Amino acid sequence: MRKAWVVAKREFVSRVRTKGFIVATVFGPALLAILLVAPILLQGNTRAKRIVVIDAAEGGLGEKIEAALTRATRGGKPDGEHRYVASRVEAVGRLEQVRDSLVALVDRRELGEAGVDGILLVTEDVLATDTLHYLGANVGSPSEMDVLTRSVREAVLTERLTQAGISPAVLMQTVKPIRLATTKVSQGTLTGQSGAASFALAYIMSFVLYMALLIYGVQVMTSTVEEKTNRINEVLVSSLRPFELMLGKVLGVGSVALLQLSIWAGAAYGLTQARGGIAGLAGISPEAAAALPIPDISLGLLIVFLVFFVLGFFFFSAAYAAVGSTCNTVQETQMASLPVTLVVVSGLFVMFKLLGEPNGQLAHVLSLVPPLAPFVTPARYSLSPLPLPELVLSVVVTALGVLAMAWVAGRIYRVGILMYGKRATVREIFRWIRAG
Amino acid sequence: MSGPVIHLEHVTKRFAGHTAVRDLSLDVPAGTIFGLLGPNGAGKSTAIRMMMDILVPDEGRISLFGGSVGGRDLSHRIGYLPEERGLYKKMKVVDHLVFFGETKGVSASRARAKAGEWLARLGLEDWTDKKIEDLSKGMQQKVQFAGTILHDPELVILDEPFSGLDPVNSQVLKETVIDLARTGKTVLFSTHIMEQAEKMCDRVVIISRGEKVVDGTMAEVKREAGGRHIALAFHRDAARAAPVLRDRSLVAWADDEGASAEVELAPDADPDRLLETLVASGAGLSRFEIVEPSLQSIFIAKVGRDAATAAAITDQPGSARHA
């Protein structure tokens, strides 16, 4: 097995040295930083929209809507930035004329402060019907329309309540929703982690495994095919067992994956820790920037995740290596690897499904299915830790599954890497597996 | 060492539909240069792959260094250059050689030193830190060869080592192989180029369609082939000599290469009469020498005799060259 180590070392060094690896490793965190900082910066730069309320109604509804728009702030906080600069034009009996003269000012950047972003038409029948007309350049943005609707709805609701003789304050107090504040208890100890954070963690872990398999598992496959095309296999198998070659390849590529993920995880941790400072640079209060929950990962969960990450990586990389050995070109692998990729994808989907019910019957069963357990078990563990016997059983069964897969893949690989010409049929592959 | 380094005993290998090697037995004595000869598709590479434990024989026994351990577990004592050459294109020359060395169990530092030595010896020292893909085909072949012998193996197995090399590089390789044999190594190489084998080999085995047809030292093989061989060359109009070469009362068999030819005299023919006839033909005889049979002619006689005689009968000069 010392020779497998030589192969792993070569795979690792030759991959880590490539420009692609360096670029991806550096740009990953850079992209993350941009994703984290960009919304904060963009938020700071959005100007308040100038909205004119054309008031063709008696009884002060127009004034209330104007007031509601003026009150509206970003993030809903009283001291936040104002969303709108609202003004009101009396237009009883001459709605069309006022509207047409104002439309001429909409979306005319050259007018500067005198320009208008949108026009809200308040008519007598707004209270009776449920329709309010808005004319503007930004009607294509669902989020902006959503926010606008909310501001207006509040004003209309208050007006309707007042007319019906109900105190809006009393009603608001009555219908206030109940919020369930969750705190996770893990093995008799308060973790201080909210349910949402462990949910996010389960999601992130599965996704990391999924990405690693689709990027690095597939690299095991393509490099197997490239070795076939290079005709280097015969030189290698004269001094190494094909299994040592496959093992070395999986180990080498797997280490590259772990290295890259560790760098990314470290960078992500550093960035989230420093986000207060980053927000400060953008002129935003640290409290406002602290919206993203940082999941606290416990040591136990980290170990469970790493164990299943390694098991899952071995399982699928071996499968990908076997697929690669039956193909002659990288193009061929795209079709041939579909069954393996489908299992990877289904692992992610099954995990989503189980997030709703991490301790259901299905969850117990799927933790014992080797290809799916690497997705299911860590996710379940993060939501509510499994009893130790069940966790151990899941690890053992998955490890046995990995050994079985390594055996089958090794048999296919052994024959496949020296086969040239037509791609092997499924029947031939079964013969390779059975052959002594 | 007393026993043979490689010993094959009634080895047979079948693939779906055909038998690649049939009942092959051979011994490669220590310290010799051994030629495994045969036309394309004769089963040379299959035989070598079985020696290297890459293929398992269906029948028979293979023994290396007198033991029963397979070729892969002895890979630190064997250098193998497969017919299918391959290198990692993106690796640096020296890193690649170190990797090859390490797969044979040589430490990285020793492999690096050895790689330096061989690269210098093969005239590639300026290319040490270049990537494989920047090298010409011939240079890549030399790198591959250096990788084969980097770990100082006792036995060197080369499958078609000369294919794709220009005359200068062929010469470098030939000298290196001869040097290896001088330092007591055993060399087995396969080829279908007889001139090369004739100059280098102590012993040869010729196989055809998976079966052994000739086996022995070079001297034995030539003696056994017997017959009176005459080397001819023409400087004026070789075509006029063609009818003479087809005259079965004079010539038993001819390897007609146009401007030159090697013929075997018919059993009762008189060399003087052949000389007279050839001079009279007006082909411009420039060489007439009674010679030992060349390996090429033995090869054709043993492997391609059917084809050769068929060609003579159907009156198609030149088509006897089925090498």
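In what follows, chains are A, B, ... by sequence order, proteins preceding strands, each numbered from 1. Quick caveat, the model's predicted, so the values are computed rather than measured.
- Remark: A/Phe430 CZ is loosely packed, at most 12 non-hydrogen atoms of other residues, nucleotides or ligands lying under 6.0 Å away.
- Using a 4.5 Å cut-off between heavy atoms, B/Tyr88 contacts chain A through both its backbone and its side chain.
- Contact tally against chain B (heavy-atom pairs below 4.5 Å) for A/Arg241, A/Lys3, A/Arg10, A/Lys9: the top residue is A/Arg10.
- Considering every non-hydrogen atom in both A/Leu240 and B/Thr103, the closest pair reads CD1-CG2, 4.3 Å.
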Candidate pair A/Val235 and B/Tyr80, rule side chain to side chain contact (heavy atoms under 4.5 Å, CB included), full reasoning:
CA-CA 7 Å; A/Val235 191; B/Tyr80 170 50; over 6 Å; no
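- The shortest non-hydrogen separation linking A/Ser238 to B/Ser75 is O-CB, 3.4 Å.
- With contacts defined as side-chain heavy-atom distances shorter than 4.5 Å, the pair A/Glu234/B/Arg49 qualifies.
- In this structure, the portion of A/Glu227 lying under 4.5 Å from any heavy atom of chain B is its side chain and not its backbone.
- Annotation: the span from B/Met91 atom CE to A/Ile232 atom CD1 amounts to 8.0 Å, rounded to 0.5 Å.
- Only the side chain of A/Arg2 comes within contact range of chain B, with heavy atoms under 4.5 Å apart.
- Few gaps surround CZ on A/Arg231; more than 12 heavy atoms of other groups in view lie less than 6.0 Å from it.
- Proximity to chain A is absent for every atom of B/His151, based on heavy atoms less than 4.5 angstrom apart.
- Chain A forms more heavy-atom pairs under 4.5 Å with one residue of B/Val56, B/Asp53, B/Asp73, B/Ile78 than with any other, namely B/Asp73.
- At most 12 heavy atoms of other shown residues, nucleotides or ligands fall within 6.0 angstrom of atom CH2 in A/Trp5.
- Note: B/Lys92 NZ to A/Ser14 OG = 12.5 Å, rounded to the nearest 0.5 Å.
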